[in-house]
There are 2 protein chains.
Amino acid sequence: MARPQSVDDEDLIARLSCVFRDTGYEGASLALLAEASGLSKASLYHRFPAGKQQMADEVLAAALAWYGANVIDPLKGDAPPAEKLAAVAKRLNGFYSGGRQACLLNVLAAPRAEPGPFSTAIKGAFQALIQAFAQVAQQAGFDTEAARARAERAVMLLHGSLVMSRGLGSSRPFANFLANLSGDLLDGAAQ
Amino acid sequence: MARPQSVDDEDLIARLSCVFRDTGYEGASLALLAEASGLSKASLYHRFPAGKQQMADEVLAAALAWYGANVIDPLKGDAPPAEKLAAVAKRLNGFYSGGRQACLLNVLAAPRAEPGPFSTAIKGAFQALIQAFAQVAQQAGFDTEAARARAERAVMLLHGSLVMSRGLGSSRPFANFLANLSGDLLDGAAQ
DNA sequence: AATATAATACCGAACGATCGGTATAATAAA
DNA sequence: TTTATTATACCGATCGTTCGGTATTATATT
């Protein structure tokens with residue numbers, strides 16, 4: 001029916017995602033986004049009529065969808081806890097490029113005043129991830145309360161290790177987090 | 001011999017700090033900085049001839065100085081470990097407003113490409129904090145390696161809890177971090 | 001005490017550049 | 001031709017920055 005896209009949607013979102021993750025929402029200028037995507041500003045507005053906000057929205061939505069399919073859902077499966085965590089760790093390592101790429105949940109977080117444009121999506125993502133980890137901990141024998149505490153710690157360690165890896169310019173903190181994830185979440189289980 | 005300042009340096013830095021912590025470097029426009037400081041844009045340039053970059057530099061330097069005096073140095077004293085950690089936790093709670101204010105080390109971190117304007121200062125700050133925590137863990141009986149691992153975990157939990165508190169719009173994760181800090185760093189010590 | 005001088009702090013207005021966004025026209029495939 | 005994609009050009013607004021000039025103080029001189 002028409003002329004084909006020079007960059008398909010998936011590639012486009014991925015390239016835009018890099019810019020937002022590297023520079024944040026304010027730092028991601030249309031010039032940068034256009035350069036990274038290989039499209040002109042006008043073409044970006046053809047693909048995202050609502051502009052920069054829509055680009056960030058869709059980038060965030062794609063990241064959350066990836067997380068759902070590659071982290072949340074697998075964690076809710078009925079494989080052995082340690083096995084699930086090992087698989088998730090491997091996928092997280094790819095998603096965050098070994099700690100070299102930041103997390104959108106951090107970089108798009110609202111400035112102090114609560115209701116930023118991404119707040120509710122970010123809040124929901126944190127809760128979903130915590131709940132998924134908690135389920136694994138519970139599966140391993142912890143009671144509801146202890147499992148939730150373990151899960152929150154795991155999410156804190158994930159984001160803390162990303163911040164630290166970026167700050168130190170080293171992938172080691174993130175790699176350590178991945179290596180210890182299973183132990184942090186499961187060690188000392190009742191069963 | 002001269003007209004007095006309408007805002008003294010300390011206040012000025014504190015007010016600018018809030019803007020940078022809330023909005024990041026790119027998000028902190030001169031308009032916002034002027035409004036928050038009570039000075040005009042032109043007056044800000046009188047106080048900081050090198051402009052926005054200098055403002056951020058001095059804000060960061062002030063934060064690191066505070067950290068040195070209120071966290072690093074106390075942790076290196078010879079009081080009992082748990083006692084030192086309790087005092088530091090109280091101070092951190094104030095510094096981060098119970099988790100409602102972000103950390104400059106996160107918000108000013110370099111975008112992917114290593115050498116941002118703040119990279120070396122941020123890297124040094126992380127290393128100093130890790131080392132201070134490690135010293136406490138060592139004092140409590142851990143060997144060098146274990147102490148360092150504990151310290152890195154503590155710093156990861158600090159920043160992770162801040163990211164999570166902001167994302168969830170709740171001070172609870174940060175409060176939990178502070179409550180568990182002493183245990184996370186010291187529990188299971190050899191001695 | 002009164003006045004001039006010097007020094008510093010401050011601000012309104014404007015700079016060029018870039019921001020996000022929008023037309024309109026050319027191009028490429030069906 | 002028809003239709004979607006892309007490119008050029010442009011818009012008002014805001015960006016960080018600079019400049020001319022004013023306010024407010026202390027000191028020096030009378």
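Please read these numbers as outputs of a predicted model, since none were measured by experiment. Letters A, B, ... are given to chains in the order of the sequence lines, protein chains preceding strands, and every chain is numbered from 1.
What separates NE2 of H46(A) from C1' of dT6(D) is a distance of 9 Å, to the nearest Å. In this structure, R47(A) atom CZ and dA4(D) atom C1' are separated by 11 Å, rounded to whole Å. The CG atom of D8(B) sits 18 Å away from the P atom of dT8(C) (whole-angstrom rounding). In this structure, the CG atom of L39(A) is 6 Å from the P atom of dT6(D), given to the nearest Å. Between the OH atom of Y45(A) and the C1' atom of dG21(C) there is a distance of 5 Å, rounded to whole Å. Separating the CG atom of L12(B) from the C1' atom of dA9(C) is a distance of 12 Å, rounded to the nearest angstrom. If you take CG of L44(B) and C1' of dC15(D), they are 15 Å apart, rounded to a whole angstrom.
Remark: N180(B) engages no residue in a side chain to side chain donor-acceptor pair (under 3.5 Å) (not counting sequence neighbours). For R21(A), the salt bridge (charged side-chain N to carboxylate O under 4.0 Å, His left out) criterion is met by no residue, not counting sequence neighbours. Taking R150(A) as the reference, nothing meets the side chain to side chain donor-acceptor pair (under 3.5 Å) condition, with sequence neighbours excluded. Residues satisfying the side chain to side chain donor-acceptor pair (under 3.5 Å) test with D11(A), not counting sequence neighbours, are none. Every side chain to side chain donor-acceptor pair (under 3.5 Å) that R148(B) has, sequence neighbours left out, goes to E152(B). The ring-ring contact (aromatic ring centres under 6.0 Å, His included) search around F133(B) returns none, not counting sequence neighbours.
Residue pairs meeting the ring pair (Phe, Tyr, Trp, His ring centres under 6.0 Å) criterion with at least one member in residues 31-52 of chain A, sequence neighbours excluded, do not occur. For residues 26-36 of chain A, no residue pair satisfies the side chain to side chain donor-acceptor pair (under 3.5 Å) rule, not counting sequence neighbours.
Close to dC10(C), at under 4.0 Å from its OP1 or OP2, lies a side-chain N or O of S6(B).
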Every protein N/O lying under 3.5 Å from an N/O of nucleotides 23-28 of chain C:
residue: dT27(C); atom: O2; partner: R3(A); partner atom: NH1; Å: 3.2
residue: dA28(C); atom: O4'; partner: R3(A); partner atom: NH1; Å: 3.4

The test is ring pair (Phe, Tyr, Trp, His ring centres under 6.0 Å); show your working for F177(A) and H159(A) and say whether it passes. CA-CA 10 Å; F177(A) 156 74; H159(A) 285 89; 9.0 Å; no
Contacts table for residues 51-65 of chain B: side-chain donor-acceptor under 3.5 angstrom, sequence neighbours left out:
residue: K52(B); atom: NZ; partner: Y25(B); partner atom: O; Å: 2.8
residue: K52(B); atom: NZ; partner: A28(B); partner atom: O; Å: 3.0
residue: Q53(B); atom: OE1; partner: Y25(B); partner atom: OH; Å: 3.4
residue: Q53(B); atom: NE2; partner: D57(B); partner atom: OD1; Å: 3.3
residue: Q54(B); atom: OE1; partner: A50(B); partner atom: N; Å: 2.8
residue: Q54(B); atom: NE2; partner: E58(B); partner atom: OE2; Å: 2.9

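Side-chain atoms of S40(A) lie closest to dA7(D) of the nucleotides dA14(C), dA7(D), dA9(C).
Using modelled atom types, no side-chain atom of S97(B) and backbone atom of G99(B) make a donor-acceptor pair closer than 3.5 Å.
Interface residues of residues 18-37 of chain B facing DNA chain C, ordered by number: none; criterion, heavy-atom separation under 4.0 Å. Contacts between residues 50-58 of chain B and DNA chain D, defined by a heavy-atom separation below 4.0 Å, involve G51(B), K52(B), listed by number.
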